[in-house]
Amino acid sequence: MSYNFKEIEEKWQNTWIDTKAFRAQADPNRKKYYLLEMFPYPSGKIHMGHVRNYTIGDVASRFKLLQGYNVMHPMGFDAFGQPAENAAIKNQTKPDIWTHRCIKEMETELKKMGFSYDWEREFSTCDSDYYKWNQWIFLKMFERGLAYKKASAVNWCSSCQTTLANEEVVDGGCWRCHTKVEQKDLEQWYLKITEYKERLLEDLGLLKQWPERVLAMQNNWIGKSSGVDIYFRLKNSDKIIPVFTTRVDTIFGATYIVLAPEHPLVKELIKGKSEEKDVLHFIEKVSKESKLVRTSSDVKKEGVFTGAFAVNPVNNEEVPVWIADYVLMEYGTGAIMAVPTHDQRDFLFAQEHKLPMRVVITPKERGIKIEELTQAYEGDGVQVNSGEFNGLSSLEAKEKISLWMEKKSIGKIQTHWRLRDWLISRQRYWGTPIPIIYCSKCGIVPVAYKDLPVELPVEAPFTGDGGNPLGKINEFIRVNCPKCSGSGRRETDTMATFFDSSWYFLRFCSPKYAVAAFDVQEAKYWMRVDQYIGGIEHAILHLLYSRFFTKFFQDLKMVDFGEPFEKLLTQGMVLKDGEVMSKSKGNTVDPDSMIKDYGADALRLFILFAAPPETELEWDQRGLEGAFKFLNRVWRIQENLKSKADDALLRIMHKTIKKVSDDFNEFKFNTAIASLMELTNAIYQMGADKEIFSRLVIMLSPIVPHFSEELWQILGNKESIFEATWPKYDPKLLIEENVELVIQVNGKVRSKVQVSRNISEDALKELVLKDEKLAVWLETKQPKKFIIVPQKLVNIVI
RNA sequence: GCCGAAGUGGUGGAAUGGCAUACACGUCGGUCUCAAAAACCGAUGAGGGCAACCUCGUAAGGGUUCAACUCCCUUCUUCGGCACCA
């Protein structure tokens with residue numbers, strides 16, 4: 001007979017909700033612990049990824065609770081976004097109604113897993129008393145010039161009918177639907193995240209408890225690159241063409257320069273020249289290529305001569321000006337100097353088009369002959385052909401040439417960044433309306449703070465024929481200008497949903513607060529988030545935006561820190577047959593049916609035991625059955641309790657307490673469970689008493705809370721197990737009187753011996769030399785040396 | 001190309017420089033049973049040996065060390081991020 005998980009789980013889930021067991025209240029006298037998992041989009045159904053993410057968080061949260069921390073563990077919903085609109089079109093319902101129904105279903109699913117949330121803090125980002133503060137933040141940014149509108153080529157997803165941020169373009173496709181992203185010229189709203197680029201980069205150094213790879217990804221994304229802008233002058237003109245380089249040490253080897261086809265100077269350069277026709281033709285051709293094709297590295301580099309020449313400012317040499325598809329307008333200055341001998345791309349291009357080369361750096365141990373070059377030499381070396389810098393090491397030259405150029409005003413030390421401003425406007429209905437009014441007289445006018453929120457109209461025409469439904473609602477659009485009271489028109493774009501999730505962790509500190517985005521005092525107590533848990537897919541997007549917003553709040557003096565998340569854990573994906581579980585692959589396992597068959601506790605146990613939290617987890621149905629079997633094994637212990645257990649078991653238990661406590665602190669749940677299993681096996685060998693069993697149950701409770709609550713009650717306790725204290729171990733009981741020593745000969749184990757832990761070295765040597773098993777090894781050879789590691793091993797070197 | 005993570009039995013995975021493969025799954029054997037299931041007990045890296053034991057073994061090769069899955073160097077493979085980035 002197995003234990004009645006169905007009845008037990010339902011009973012405790014209701015109890016926890018009825019008694020508000022996990023309500024958190026600020027208390028300056030208690031040490032706080034803010035544990036947060038990335039809140040879900042309410043699709044209605046939870047999947048195994050959610051189960052894993054939230055189970056990891058729940059164990060940590062309950063463990064901290066048992067350790068006496070004042071734990072806040074909130075949950076809410078990231079409820080704006082496109083699926084609601086798609087559903088509205090498909091099912092003839094309203095996004096609002098559809099979303100709220102999904103939220104209800106999702107809450108039920110989460111409750112069935114027995115997660116310890118403070119449900120009183122729950123909110124959804126589609127609540128107007130939440131998104132009101134999105135608008136407030138936007139206006140604050142607008143005031144400071146951090147929210148602005150500009151016309152530019154933007155990423156456009158034709159399937160989603162909306163613009164996308166750079167961060168939302170993955171492999172040239174839309175992050176949501178993978179449709180190929182097009183470029184479109186539009187006037188759009190941006191947030192000036194680039195204003196914070198230095199701080200965003202620098203403060204990565206503060207994030208000591210973030211995974212390396214997330215830091216590396218953010219570092220790459222921000223993409224700082226230091227070098228020099230060098231000013232080439234156009235021959236017979238006073239026009240300057242700045243080029244950017246990180247290899248200023250190679251400037252004397254620049255034999256031509258290359259502009260991007262879109263470079264604004266190109267048209268002027270070619271005017272009236274014989275090359276004009278060819279160049280225009282080339283530009284036309286390149287403009288038709290998609291960005292993806294153009295930037296793929298295996299395509300041959302193409303280019304044409306413009307007929308113009310520029311002057312290298314370091315030696316007044318005239319060099320030809322080319323244009324080529326491999327130079328991009330959006331990076332650096334849109335123009336490069338080409339040094340074929342020391343840059344592989346330039347080398348290939350120069351070979352192809354028979355352009356001159358000159359060596360300016362040679363490796364220390366040999367010279368370089370141009371005729372013998374088969375590829376560019378990109379390493380360090382000694383300067384040659386470099387005027388007054390000859391003989392210097394290239395590293396030294398880099399610095400000296402930079403300073404020299406600045407002094408002579410022919411260049412400027414410059415830093416270029418990959419990070420671009422964040423495009424936040426979306427041509428969609430189901431999102432936060434951007435609080436802006438267009439007035440024919442006053443131009444762009446922000447909505448007054450007192451008029452917030454700009455409510456999203458619940459009734460909207462969903463026809464499915466594209467376009468933003470907000471544009472068709474006259475009551476919404478028509479509004480008086482806050483400045484001149486003349487007739488104005490509302491912005492119909494809404495905010496990207498990543499805006500919503502960039503500060504929700506602050507809102508959880510005071511979710512009902514009506515006078516500001518969050519209560520500064522509450523935030524002071526609860527923030528920062530001590531432990532944040534979520535998927536690696538947010539390594540750049542959400543985590544970068546949240547860091548940006550936090551720094552903005554720091555500048556508003558609403559918080560006194562610049563980083564929101566102290567410690568970050570990115571949990572691995574759940575796989576089935578080696579592939580990521582996904583609806584499109586049809587290899588999903590439904591958590592609900594697993595709960596039905598084995599209970600939420602068994603599911604939680606399996607998912608924690610099968611792999612460490614950050615690695616991928618292979619779904620194994622038999623592993624789940626194994627977890628269920630283990631629970632039944634523990635359950636049966638209570639039927640056979642002894643009045644007094646052996647001392648040997650007591651020792652094992654204290655060791656287990658130490659191991660499990662240490663492991664829980666480091667999120668090593670799989671090994672914590674392994675040692676709880678070992679303790680259980682020992683109990684089967686020796687028989688436990690009530691005391692020992694009670695402690696086993698407490699240690700299990702973060703992992704399998706319903707199961708443990710029930711056993712706790714059966715053991716005669718009136719209070720919830722989560723009012724109990726985490727067991728402590730007695731260090732004295734960890735010390736064994738007799739220890740087993742491993743005896744090695746030349747590092748190989750040859751024997752083992754039981755000795756008192758305080759045995760003297762001499763006594764030990766004597767004992768070892770008498771050991772029968774070692775006789776074979778020692779009879780012909782003399783021991784040279786004894787290595788003794790107390791209480792562990794003896795190594796005899798012969 | 002640059003940056004990051006990883007590579008251990010049939011499988012998931014353990015090992016502050018100190019007994020490689022804990023714990024579990026699977027498989028095999030046993031107990032109980034008329035029988036089966038459940039439960040309980042045991043075996044289980046490869047090769048050799050009746051056995052005691054021996055040899056090999058943590059992607060490959062080298063090094064440091066009394067001792068290396070662990071530290072260092074070189075290489076290979078897989079996964080992830082960035083990238084005609086100048």
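Reminder, nothing fancy here: chain letters follow the sequence lines and each chain counts from 1.
Phosphate proximity of C40(B) to Arg633(A): present, with a side-chain N or O under 4.0 Å from OP1 or OP2.
Around the CD atom of Glu406(A), the shell of radius 6.0 Å holds more than 12 heavy atoms that belong to other residues, nucleotides or ligands.
Out of C23(B), C66(B), C25(B), the shortest distance to the side chain of Arg622(A) is found at C25(B). You'll find that the side chain of Gln685(A) is closest to C41(B), out of A20(B), C41(B), C85(B). Checking C82(B), A86(B), U55(B) against the side-chain heavy atoms of Arg750(A) singles out U55(B) as nearest. Side-chain proximity of Tyr331(A) to the nucleotides C85(B), C23(B), C40(B) is greatest for C85(B). Considering only side-chain atoms of Trp777(A), the nucleotide from C41(B), C54(B), C85(B) that sits closest is C54(B).
Evaluation of the salt bridge (charged side-chain N to carboxylate O under 4.0 Å, His left out) test over residues 785-798 of chain A, restricted to residues two or more places apart or in two chains, returns none.
Rounded to the nearest Å, the gap between the P atom of A67(B) and that of G62(B) is 16 Å. Rounded to whole Å, the C1' atom of G7(B) lies 16 Å from the corresponding atom of A20(B). Straight-line distance between the P atoms of A43(B) and C23(B): roughly 11 Å, to the nearest whole Å.
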Counting primed atoms, P, OP1 and OP2 as sugar-phosphate and everything else as base, the B/S/- map of nucleotides 1-18 of chain B against protein heavy atoms under 4.0 Å is --SSS------BSSSB-B

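Look at NZ on Lys748(A): it is 11 Å from C1' on A67(B), rounded to the nearest Å. The separation between Trp417(A) atom CH2 and C85(B) atom C1' is 14 Å, rounded to whole Å.
Base-pair partner of U33(B): not found among the strands shown (Watson-Crick or G-U wobble, both distances under 3.5 Å). In a base pair of the Watson-Crick type (N1 to N3 plus N6-O4 or O6-N4) or a G-U wobble (N1-O2 and O6-N3), with each distance short of 3.5 Å, G7(B) is matched with C76(B). Shown here, U64(B) forms no base pair; nothing in the strands shown gives a Watson-Crick or G-U wobble contact with both key distances under 3.5 Å. C84(B): no Watson-Crick or G-U partner with both key distances under 3.5 Å is found in any strand.
Ring-plane geometry between Phe349(A) and His353(A) is classed as tilted, the angle between the planes lying from 30 to 60 degrees on a 0 to 90 degree scale.
Within 3.5 Å, no donor on the side chain of Lys784(A) pairs with an acceptor on the base of C66(B), nor the reverse.
Ion pairing between a basic and an acidic side chain is recognised when a charged N comes within 4.0 Å of a carboxylate O; Arg358(A) and Glu317(A) show such pairing. A salt bridge is defined here as a Lys NZ or Arg NE, NH1 or NH2 lying under 4.0 Å from an Asp or Glu carboxylate O, and Lys285(A) with Glu302(A) meets this definition.
G45(B): glycosidic angle beyond 90° from 0, hence anti.
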